[in-house]
Amino acid sequence: MDAILAQIEAHKEEIRTFETTDPELLEAFRIRFLGTKGIVKALMGEMKNVPADRRRDFGQVMNAFKETAEARYATLKEVMTVADAGSTGPDATLPGDPLSVGGRHPITLMRNRIVSIFRRMGFAVAEGPEIEDDWHNFTALNLGEDHPARDMQDTFYLSRRPDMLLRTHTSNVQIREMQRNKPPIRIVCPGRVYRNETVSARSHCFFHQVEGLYIDEGVSFADLKQTLYSFVKEMFGEDVRVRFRPSYFPFTEPSAEMDISCMLCKGEGCAVCKRTGWLEILGCGMVHPQVLSNCGIDPEKYNGYAFGMGIERPAMLKYGITDIRLFSENDVRFLRQFTAAT
Ligand code: PHE
C-alpha cells in the first residue's frame, strides 16, 4: 500500500512538471495517464489489494490523482487551442473596418469659434447651472420681483419648485462668478438657455448664448467697443461694419445693441437682413452699479462691461441654415454635413 502511495506521489510530480506545446506529446501524455490502459486505470485496479479499512483513504488519493492528471491535460490543451487560433484565426494585421467618425454639432463649432476668439483676448471660460434660482437669474441682475422686463423673457418655472426656473440667459454665471471671485474678472459664459417662445423656423424654446463680463478698475465703454470690434473682425471678416444702437437692459447702464453689416448682401439689403443691410447680433453695456453691489463688489472702486450674444444666429449665417429647428432634430443627414467643418 505505501509503495503504491509513493508511486502516486512520483507520478503527480511528473504530471505537475510536464510541459509541452506539441499536440502529439500531449496525446501521449493523455494515453499514458488517462488512457484505458493508462496509469490511473491501472492504479485504480489496485483497489482490490488494499485492506478494507484503508480503501476509503485510497479512493480519495486516487481521485485527487486522477483530477491532477485531467486538470494538467486540460490546461495544456487550452494553451494549445489559443495558440492555434492565433495562427489560423483572423489575421490581426489586416486593416480594420472603417469607423465612421462623428462630427461636431454646428452649435458646438460656432461656440468653440466664439469662445476661442475671446480666450485669445484673455477671457476665461466659466459655466454654471441651467436650473437656476430666481435670485441668480433675475433679482441679482436688477430685475426686481415685479420688474416689467421680466416679461421680456418668458420663463419656464419648475412646477414642483416655483422658486426655481430654467435660466433665461447665461448672466446667472456672471453673478455666480462675481460672488465667488474678486476683480479683475474677465470671463465668457457659453451655455444653453430657455425661453417659453413658440417654436418656429426663427425661434426656439431653447437656444445657446455666449455672454462676456469684464470687471476691473476704470473700465470704459471704449474698452467694450474695442473688444467687440476685434471680435467681429476675427469672426466675420475685416470688411464687416459695426454699429451700436442705444438699448435697454436692467443690468447694464448705458446699454446698447450691436449690429453688423449683412455679410450676405454686403449691406445692400436682402431677405436675411430684412432689407435693412444690418444684422443684430448682441446686447451689451456697462454693468449696473446695483448688480455689482448685489454680488459684493464695491461699485465705487470697480466697474465693468457685459455683453451677450446668441450662437444660433451666427451659426445659421455661417452655414446657410434657414430653420433653427434643424439644430435640435438630430437628423443625421443634417448633422453629417458638418463632419469636416471647422
Ligand atoms: N442677458 C441678455 C440677454 O440674454 C444679453 C446681455 C448680456 C445684454 C449682457 C447686455 C449685457 O438678452
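Predicted model only: the values in this text are computed from it and were never measured. Computed over heavy atoms, backbone and side chain alike; hydrogens, waters and symmetry mates excluded. Numbering of ligands and ligand atoms starts at 1, following listing order.
Listed by number with element, the atoms of ligand 1 under 4.0 angstrom from any heavy atom of Phe307 are 7 (C), 9 (C), 11 (C). Those atoms of ligand 1 that come under 4.0 Å of a heavy atom in Ala306, given as number and element, are 9 (C), 11 (C).
Between Gln209 and ligand 1, at least one N/O pair is under 3.5 Å apart. Residue Ser171 has at least one nitrogen or oxygen atom sitting less than 3.5 Å from a nitrogen or oxygen atom of ligand 1, judged on distance alone.
Nearest to atom 1 (N) of ligand 1 by heavy-atom distance, out of Gln174, Glu211, Glu257, is Glu211.
Ring centroids of Phe118 and Phe231 are separated by less than 6.0 Å, placing the two rings close together.
For the pair Arg195 and ligand 1, a heavy-atom separation below 4.0 Å is found.
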Fill in: Trace of the salt bridge (Lys or Arg N to Asp or Glu O under 4.0 Å) decision for Arg176 with Glu127
CA-CA 9 Å; Arg176 287 174 177 278; Glu127 286 180 301; over 6 Å; no

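When heavy-atom distances to ligand 1 are checked against a 4.0 Å cut-off, Phe251 comes that close only through its side chain, counted from C-beta outward.
Side-chain atoms of Gln226 never come within 3.5 Å of backbone atoms of Asp223 as a donor-acceptor pair (strictly under, hydrogens ignored). Judged by distance alone, the side chain of Glu130 and the main-chain N or O of Arg167 form no donor-acceptor pair under 3.5 Å. Between the side chain of Gln209 and the backbone N or O of His169, no donor-acceptor pair lies under 3.5 Å.
When side chains are defined from C-beta on, Leu335 counts as touching His105, because their heavy atoms get closer than 4.5 Å.
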